[in-house]
Protein chains: 2
Amino acid sequence: MPKVGMEPIRRQQLINATMAAIDEVGLAETTVMRIARHAGVSAGIISHYFGGKDGLLEATMRQILTDLTTAVAVRRHALEDNSPRAHIGAIIEGNFDRTQVTGPAAKTWLAFWASSMHKPMLQRLQNVNDRRLYSNLCHQFRRVMPRLEARNAARGLAAMIDGLWLRGALTPEGLDAEEARFLAHAYLDQLFAHYGCQ
Amino acid sequence: MPKVGMEPIRRQQLINATMAAIDEVGLAETTVMRIARHAGVSAGIISHYFGGKDGLLEATMRQILTDLTTAVAVRRHALEDNSPRAHIGAIIEGNFDRTQVTGPAAKTWLAFWASSMHKPMLQRLQNVNDRRLYSNLCHQFRRVMPRLEARNAARGLAAMIDGLWLRGALTPEGLDAEEARFLAHAYLDQLFAHYGCQ
DNA sequence: TTTTATTGATTGAACGTTCAATAAAAAAAT
DNA sequence: ATTTTTTTATTGAACGTTCAATCAATAAAA
């Protein structure tokens with residue numbers, strides 16, 4: 001069945017298949033054969049396109065992080081209001097985007113999160129994204145509060161977002177995105193209110 | 001070297017060795033041989049005392065959860081003040097206890113957390129503990145706010161605690177327990193203040 | 001006919017478990 | 001107090017399984 005220009009198609013198929021497999025049986029039991037079966041191809045193709053299993057896993061994590069960044073960026077560029085609150089709200093909304101929160105992506109993310117503790121490459125990827133989230137939040141908070149308060153607000157909100165995310169990934173029913181967004185926004189309101197009272 | 005009564009000693013040695021191994025190379029690369037080497041015994045002993053690798057991993061998770069429960073219970077029983085705020089404060093302090101937050105226990109916890117998504121037994125353990133944290137928080141918040149507000153406060157604080165924990169486990173330097181406690185308490189203050197204003 | 005994409009049997013390494021052998025301590029016998 | 005026997009704890013080589021990676025063979029498109 002070899003047509004020309006299969007590479008981008010196969011790569012995407014295999015990345016999707018990887019998420020499906022991790023969602024199904026977890027990272028520990030995700031074998032190249034299982035991924036290949038999900039994608040409807042043979043196992044050997046993985047080494048051909050990604051150099052090996054690790055290459056595919058790395059590409060999958062990259063995709064998830066890229067999707068998240070995009071989800072946030074889209075919402076921030078669509079803002080009419082340029083206020084700090086609007087920007088931070090967009091960051092929250094982006095982090096609880098459907099494509100991120102629903103199904104395979106959520107469990108895959110948590111699996112990589114844990115895995116990144118001992119795999120330098122994944123750790124690097126995760127760190128870059130982490131820092132961007134914190135730095136974005138901090139920058140917006142800085143527009144309405146002093147440095148120290150902004151720093152703490154950013155760390156608190158980042159922890160809240162990750163915590164809601166983590167708990168969502170672990171509950172069998174999956175994350176209730178609406179409730180998570182509500183709680184994150186409520187916390188944001190409190191942060192602003194608290195500063196307003198000082 | 002067989003003395004009688006080795007069982008409890010070996011069991012504890014192997015559980016500690018398991019945490020050390022997971023801290024060192026991650027759950028995925030934690031083999032029975034590596035655990036055995038850490039404990040200074042042979043690999044076969046693991047099957048003898050725990051029925052197999054899975055039994056040892058389960059026992060290790062049980063120990064971590066028990067330690068956490070104990071850390072919280074000790075602080076709550078030591079309270080002079082019976083106020084909701086004091087109880088919730090004790091829960092926060094217990095969750096950021098040194099023995100939990102420092103070193104091997106932290107990474108082991110996160111590893112099990114991710115693993116529990118696809119291992120029913122671990123999931124059960126994790127769920128029980130989760131529910132207790134939520135239920136304890138909810139009960140205390142109920143003493144000073146209506147049901148719906150209490151529910152949201154409990155979910156928010158639980159997410160905050162887990163989020164701080166997660167971020168701490170992932171940063172190379174480990175969790176800054178002092179900062180985490182500060183942020184959690186600050187959030188708690190806001191929750192109370194927010195209700196007081198309504 | 002040439003190029004490109006794909007297969008799948010094979011290979012070698014790594015892993016968890018098992019179990020007969022061993023060795024030390026405890027108990028019993030002298 | 002010795003020696004012998006029994007019990008208990010532990011070892012580590014062998015076994016079967018699983019997995020990722022390889023590569024010669026194949027088949028479709030160009």
Side-chain angles (χ1 to χ4, degrees), chain A residues 1-61 108 111-112 115 118-122, chain B residues 1-61 108 111-112 115 118-122:
Chain A
M1 308 141 186
K3 292 181 193 163
V4 294
M6 280 280 98
E7 182 160 342
I9 296 169
R10 289 276 178 258
R11 290 180 75 97
Q12 194 57 55
Q13 280 180 334
L14 288 168
I15 287 173
N16 293 342
T18 302
M19 292 197 236
I22 293 176
D23 178 51
E24 196 177 311
V25 296
L27 182 57
E29 299 194 45
T30 292
T31 65
V32 291
M33 272 203 192
R34 191 183 288 267
I35 295 172
R37 198 174 340 122
H38 260 284
V41 294
S42 83
I45 216 79
I46 288 173
S47 290
H48 182 246
Y49 282 124
F50 293 95
K53 190 187 182 185
D54 283 347
L56 174 54
L57 293 179
E58 187 190 318
T60 304
M61 186 172 186
T108 304
F112 279 132
S115 180
H118 297 96
K119 299 205 174 177
M121 178 55 82
L122 298 187
Chain B
M1 308 143 184
K3 292 181 193 164
V4 294
M6 279 281 97
E7 182 159 343
I9 296 169
R10 288 275 178 258
R11 289 181 74 97
Q12 194 58 57
Q13 280 181 334
L14 288 168
I15 286 172
N16 293 342
T18 302
M19 291 197 236
I22 293 176
D23 179 50
E24 198 177 311
V25 295
L27 182 56
E29 298 194 45
T30 293
T31 67
V32 292
M33 271 201 193
R34 191 183 288 267
I35 295 172
R37 195 169 350 116
H38 259 284
V41 295
S42 83
I45 216 79
I46 288 173
S47 291
H48 183 246
Y49 282 125
F50 292 95
K53 190 189 181 186
D54 283 347
L56 174 54
L57 294 179
E58 186 190 318
T60 304
M61 187 173 185
T108 305
F112 279 132
S115 179
H118 297 96
K119 300 205 173 177
M121 176 57 80
L122 298 186

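These numbers come from the heavy atoms of this one structure, side chains and all, not from hydrogens, waters or symmetry mates. Protein chains get the first letters and strands the later ones, always in sequence-line order, with residue 1 at the start of each. Keep in mind it's a predicted model, so treat the numbers as computed, not measured.
Here the CE atom belonging to B/Met33 is positioned 12.0 Å from the CD1 atom belonging to B/Ile35, to the nearest 0.5 angstrom. For the atom pair CD of A/Gln12 and OH of A/Tyr49, the computed distance is 13.5 Å after rounding to the nearest 0.5 Å.
In this structure, B/Ile35 atom CD1 and D/dT10 atom P are separated by 17 Å, rounded to whole Å. As rounded to whole Å, 14 Å separates atom C1' of D/dT18 from atom CZ of A/Arg37. Rounded to whole Å, the distance from CE on B/Met33 to P on D/dA14 is 12 Å. C/dG16 atom P lies 12 Å from atom CD of B/Glu29, rounded to whole Å. Atom-to-atom, CD1 of A/Ile45 to P of D/dT26 comes out at 17 Å; the value is rounded to the nearest Å. Atom-to-atom, CG of B/Leu56 to P of C/dG16 comes out at 11 Å; the value is rounded to the nearest Å. The distance from atom CG of A/Leu57 to atom P of D/dA21 is 10 Å, rounded to the nearest whole Å. The distance between atom CZ of A/Arg11 and atom P of C/dA5, rounded to the nearest whole Å, is 13 Å.
With axes fitted over five pairs at each extremity, the angle between the ends of the helix from C/dT1-D/dA30 to C/dT30-D/dA1 is 10° (10° resolution).
Taking every heavy atom of both residues into account, A/Thr31 and A/Lys53 meet most closely at CA-NZ, 4.4 Å. The minimum heavy-atom distance linking B/Phe112 with B/Leu57 is given by the pair CZ-O, 3.4 Å. The shortest non-hydrogen separation linking B/Val32 to B/Ala43 is CG2-CB, 4.4 Å. The minimum heavy-atom distance linking A/Ala36 with A/Ile46 is given by the pair N-CD1, 4.5 Å.
Distances from the side chain of B/Ser42 to the nucleotides D/dT22, D/dG12, C/dC15 place D/dG12 closest. Picking from D/dT10, D/dT11, D/dC19 the nucleotide with the shortest atom distance to the side chain of B/Met6 gives D/dT10. Nearest nucleotide to the side chain of A/Arg10, out of D/dG12, D/dA20, C/dT6: C/dT6. Checked against D/dA20, D/dA9, C/dT7, the side chain of A/Lys53 finds its nearest nucleotide in D/dA20.
Under a 3.5 Å cut-off, the side chain of A/His118 and the backbone N or O of B/Asp23 do form a donor-acceptor pair.
Using a 4.0 Å heavy-atom criterion, one finds that A/Ser47 contacts the bases of the nucleic acid, with or without backbone contacts as well. If you check every strand for non-hydrogen atoms under 4.0 Å, B/Gly44 touches a base.
In this structure, B/Tyr49 does not reach the D/dA9 phosphate: none of its side-chain N or O atoms is under 4.0 Å from OP1 or OP2.
Each of B/Glu7 and B/Ala43 was assigned the nucleotide of DNA chain D with the nearest heavy atom; the assignment lying further toward the 5' end belongs to B/Glu7.
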